[in-house]
Amino acid sequence: MEKDVDTYEHSLRVGKLAKSMALMMSLNLAHTRQLVIGCCLHDIGKIYMPDLILKKDTSLTEREWRMMKQHPVLGADILKIHAPEEQVIIDIVEFHHERWNGTGYPYGLSGVDIPAFARICTIIDSFDSMLSDRPYRSGMSLEEAKEELRRHSGTQFDRQYVEVFLQMPGEMLHHSYARREGINSTVQS
């Protein structure tokens with residue numbers, strides 16, 4: 001929160017949606033805990049990103065983008081030191097930017113080589129990012145974001161988990177997103 005309130009609030013929303021997703025999947029308490037904590041911590045590596053990059057309101061340069069793409073590895077390294085017994089959570093943090101088709105980062109993993117909870121975090125993280133206003137673009141509506149998930153299902157995202165996510169009752173999504181008044185106000189709810 002001290003480093004970047006936007007990333008902090010985004011992480012809380014991703015964690016809240018992860019809790020709803022765990023309910024949809026009927027995960028047990030231990031797996032729910034891992035998914036929610038992993039989603040809340042998915043961007044923890046960004047604490048090492050310079051403010052000039054993290055808070056930049058224009059496109060990143062190629063060099064800045066290379067640095068930003070290291071945040072999953074940096075985050076996993078933090079957790080390997082402080083919680084080495086939490087491998088499932090570490091995997092969520094390290095692999096949440098991998099893509100189903102292998103075009104993600106940091107390793108270019110694809111398909112089921114990406115841990116399942118990291119694949120779920122990818123969907124939730126992307127969904128929240130689509131809805132969020134950025135200095136360089138306005139956030140999408142809920143329906144536009146759902147359509148974007150459908151469009152990239154089977155390429156960027158695991159189709160199976162996209163289907164589960166899209167079956168989430170509207171009230172679960174609306175609880176996290178009181179759309180257009182400003183997403184950042186939802187963190188307090």
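None of these values were measured; they are calculated from a predicted model.
- Two residues are said to be in side-chain contact when any heavy atoms from C-beta on lie closer than 4.5 Å; Glu64 and Leu52 fail this criterion.
- Hydrophobic clustering keeps Tyr107 apart from Ile92 (ILVMFWY residues linked when any side-chain heavy atoms are closer than 4.5 Å, directly or through intermediates).
- Neither Ile124 nor Val36 shares a network with the other; the hydrophobic side chains, linked directly or stepwise wherever heavy atoms of I, L, V, M, F, W or Y lie under 4.5 Å apart, form separate groups for each.
- Criterion: ILVMFWY side-chain heavy atoms under 4.5 Å apart, direct or through other members. Under it, Tyr8 and Leu41 are not part of a common hydrophobic cluster.
- From Ser20, atom OG reaches atom CE of Met25 across 13.0 Å, with rounding to the nearest 0.5 Å.
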Pair Ser110-Arg99, side chain to side chain contact (heavy atoms under 4.5 Å, CB included): steps then yes or no: CA-CA 6 Å; Ser110 64; Arg99 291 186 173 183; over 6 Å; no
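- For residues 54-78, every residue pair satisfying the ring pair (Phe, Tyr, Trp, His ring centres under 6.0 Å) rule, not counting sequence neighbours, is listed here: Trp65-Tyr105, His71-His96, His71-His97.
- Residues Leu149 and Val162 approach most closely at O-CG1, 4.0 Å, considering heavy atoms.
- Of the residues Lys46, Arg63, Lys56, the one that meets the side-chain contact (heavy atoms from CB on, under 4.5 Å) test with Met68 is Lys46.
- Minimum heavy-atom separation, Pro72 to Val93: CB-O, 3.5 Å.
- Residues Phe157 and Phe165 form no side-chain contact, since every pair of their non-hydrogen atoms from C-beta on lies 4.5 Å or further apart.
- Evaluation of the salt bridge (charged side-chain N to carboxylate O under 4.0 Å, His left out) test over residues 65-79, restricted to residues two or more places apart or in two chains, returns Glu62-Arg66.
- Taking OG1 of Thr32 as the start and CD1 of Ile37 as the end, the distance is 10.5 Å to the nearest 0.5 Å.
- Inter-residue side-chain proximity for Gln156 and Arg151 is flagged as unmet; no heavy-atom pair is nearer than 4.5 Å.
- Put simply, Leu27 and Leu17 are part of the same group of oily side chains (I, L, V, M, F, W, Y) that touch within less than 4.5 Å, one to the next.
- Residues Val88 and His31 form no side-chain contact, since every pair of their non-hydrogen atoms from C-beta on lies 4.5 Å or further apart.
- Within the 4.5 Å cutoff, no side-chain heavy atoms of Asp4 are placed close to those of Met49.
- Note: Asp6 CG to Met1 CE = 12.5 Å, rounded to the nearest 0.5 Å.
- Under the side-chain hydrogen bond (donor to acceptor under 3.5 Å, both in side chains) criterion, the residue pairs touching residues 81-90 are Arg33-Glu86, Gln87-Asp91, with sequence neighbours excluded.
- Not a single donor-acceptor pair under 3.5 Å links the side chain of Glu98 to the backbone N or O of Ile114.
- One distance of note links NE2 of His42 with CD1 of Ile89; it measures 14.0 Å at 0.5 Å rounding.
- Between Tyr48 and Ile78 the shortest side-chain heavy-atom distance falls below 4.5 Å.
- Looking at Leu35 and Cys39, their side chains come closer than 4.5 Å, going by heavy atoms from C-beta outward.
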Criterion side chain to side chain contact (heavy atoms under 4.5 Å, CB included) on Leu131 and Arg13, from CA distance to verdict: CA-CA 11 Å; Leu131 290 169; Arg13 290 190 304 269; over 6 Å; no
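- Counting only distance, with no hydrogens or angles, the side chain of Glu148 and the backbone of Ala145 share no donor-acceptor pair below 3.5 Å.
- The shortest side-chain heavy-atom distance between Glu9 and Ser132 does not fall under the 4.5 Å cut-off.
- Cluster membership for Phe95 and Phe127, using ILVMFWY side-chain heavy atoms within less than 4.5 angstrom, is not shared.
- Residues Asp43 and Ser11 share a closest heavy-atom pair of CB-OG, 4.3 Å.
- The salt bridge (charged side-chain N to carboxylate O under 4.0 Å, His left out) test applied to Asp158 returns Arg119, not counting sequence neighbours.
- Under the rule for a salt bridge (charged side-chain N to carboxylate O under 4.0 Å, His left out), Glu163 has no partner lying at least two apart in sequence or in another chain.
- Taking each heavy atom of Val73 and Pro106 in turn, the nearest pair found is CG2-CG, 3.6 Å.
- The structure places CD of Glu147 at 5.5 Å from CZ of Arg150, a figure rounded to the nearest 0.5 Å.
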Chi angles and distances behind the side chain to side chain contact (heavy atoms under 4.5 Å, CB included) call for Met24, Gln167: CA-CA 8 Å; Met24 291 291 297; Gln167 291 173 20; 4.0 Å; yes
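- Taking CE of Met168 as the start and NZ of Lys146 as the end, the distance is 9.5 Å to the nearest 0.5 Å.
- Of the possible donor and acceptor atoms, none in the side chain of Ser126 sits under 3.5 Å from a partner among the backbone N and O of Ile123.
- Checked against ring-ring contact (aromatic ring centres under 6.0 Å, His included), Tyr161 has no partners two or more places apart in sequence or in another chain.
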